[in-house]
Amino acid sequence: MPRKLVVANWKMHGNLASNQQLLEAYIQKLTPLKNTDVVVCVPYPYLAQAQSILHNTTIAWGAQNLSKDPVGAFTGEVSASMLKDFGATYVIIGHSERATAYCESDENIATKFMQAKSHGLTPILCVGETLIEREAGVMEMVVAKQIDTVIGMYGADVFANTVVSYEPIWAIGSGLAASAAQAQSMHEFIRGRIASADKEAAVSLKILYGGSVNPQNAVQLFVMPDIDGGLIGKCSLSASEFEGICRAAT
Ligand code: 13P
């Protein structure tokens with residue numbers, strides 16, 4: 001059975017003292033964990049702290065965004081190589097909270113995906129539809145466009161050994177997760193879309209589900225054949241809830 005992947009997305013939460021406590025609790029509860037890889041994506045200023053606490057553990061760390069450019073006069077931006085300087089191995093790309101608030105286009109997001117990949121970081125590409133789009137029955141069209149933008153710009157083989165996270169916008173932070181059947185159906189669609197362009201890439205790709213995952217609903221979701229793990233917001237801020245979700249993956 002392929003290994004599961006559970007990623008904590010702390011969003012804009014934490015401080016030096018609370019992060020230290022949380023990371024130490026992660027280490028105590030989650031290392032080692034059978035058949036499951038654990039990653040924590042922290043706000044930029046805490047990458048050095050994550051590196052100093054997590055190095056020599058089985059927990060990897062990463063960031064929640066990166067610049068689409070490699071270097072230059074881009075005030076406030078953070079490049080892929082800067083993330084690598086702090087030992088980051090993963091980076092979340094195109095999270096809907098950013099895409100909406102900062103008007104990130106699918107093309108911008110695709111460029112960031114490639115920027116991460118070409119610097120040896122594993123991109124976690126977020127895709128998903130709004131409630132209106134789901135109710136209108138166009139959710140697969142919306143997600144297909146997000147995936148196809150990457151394929152159109154860089155080819156389907158760039159998805160090899162990367163991560164896509166299906167995060168229906170209506171499920172994020174709402175307490176209302178997608179049902180296991182809804183998530184499985186979209187995950188199967190995503191894998192199929194990539195497989196039709198590159199079979200091998202689709203096999204090595206991990207597809208996570210994100211949106212109100214908690215220790216209670218995690219098992220039903222993770223048991224689905226195309227759900228390779230989860231991207232966890234709120235529940236990753238509690239070591240015991242995050243542990244419950246990670247154990248559901250094992
Ligand atoms: P919640 O788990 O808080 O719904 O957040 C999901 C998410 O946005 C992960 O990136």
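Counting convention: from 1, in listed order, for ligands and their atoms alike. What's counted below: heavy atoms across the whole structure, side chains too, no hydrogens, waters or symmetry copies.
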Quiz item: Ring centroid separation for Y46 and F86, is it under 6.0 angstrom?
Solution: no
Practice problem: Could you list which atoms of ligand 1 come closer than 4.0 Å to a heavy atom of N9? | Solution: 9 (C), 10 (O)
Quiz item: Atoms of ligand 1 less than 4.0 Å from G233 heavy atoms?
Solution: 1 (P), 2 (O), 3 (O), 5 (O), 6 (C), 9 (C)
Practice problem: Please verify whether a non-hydrogen atom of G173 lies at under 4.0 Å from ligand 1. | Solution: yes
Practice problem: Give a yes-or-no answer on whether the side chains of E129 and Y166 include a donor-acceptor pair shorter than 3.5 Å. | Solution: yes
Exercise. Decide whether E24 and Q20 meet the rule of one side-chain donor and one side-chain acceptor closer than 3.5 Å.
Key: yes
Quiz item: Can you list the atoms of ligand 1 that are under 4.0 Å from a heavy atom of K11?
Solution: 5 (O), 6 (C), 7 (C), 8 (O)
Self-check item: Nearest neighbour in protein (non-hydrogen) for atom 9 (C) of ligand 1
Solution: E167 OE2, 3.0 Å
Quiz item: Can an N or O of H95 be found at a distance shorter than 3.5 Å from an N or O of ligand 1?
Solution: yes
Quiz item: Between Y209 and H187, what is the ring plane arrangement, given parallel below 30°, perpendicular above 60°, and tilted in between?
Solution: tilted
Quiz item: If you count the atoms of ligand 1 from 1 in the order shown, which ones are under 4.0 Å from a heavy atom of K234?
Solution: 1 (P), 2 (O), 3 (O)
Practice problem: Check ligand 1 against G211 and write out every atom of the ligand that is under 4.0 Å from a heavy-atom position of the residue. | Solution: 4 (O), 6 (C)
Exercise. For S212, take its heavy atoms, then give the atoms of ligand 1 lying under 4.0 Å from any of them.
Key: 1 (P), 2 (O), 4 (O)
Quiz prompt | Among K206, K4, R191, side chain to side chain donor-acceptor pair (under 3.5 Å) partner for D228 | solution = R191
Quiz prompt | Under 3.5 Å side-chain donor-acceptor pair for H95 and E167 | solution = yes
Exercise. Return yes or no for this condition: an N or O of V213 is under 3.5 Å from an N or O of ligand 1.
Key: no
Quiz item: Looking only at heavy atoms, what is the nearest atom pair of N65 and V91, with distance?
Solution: O-CG2, 3.4 Å
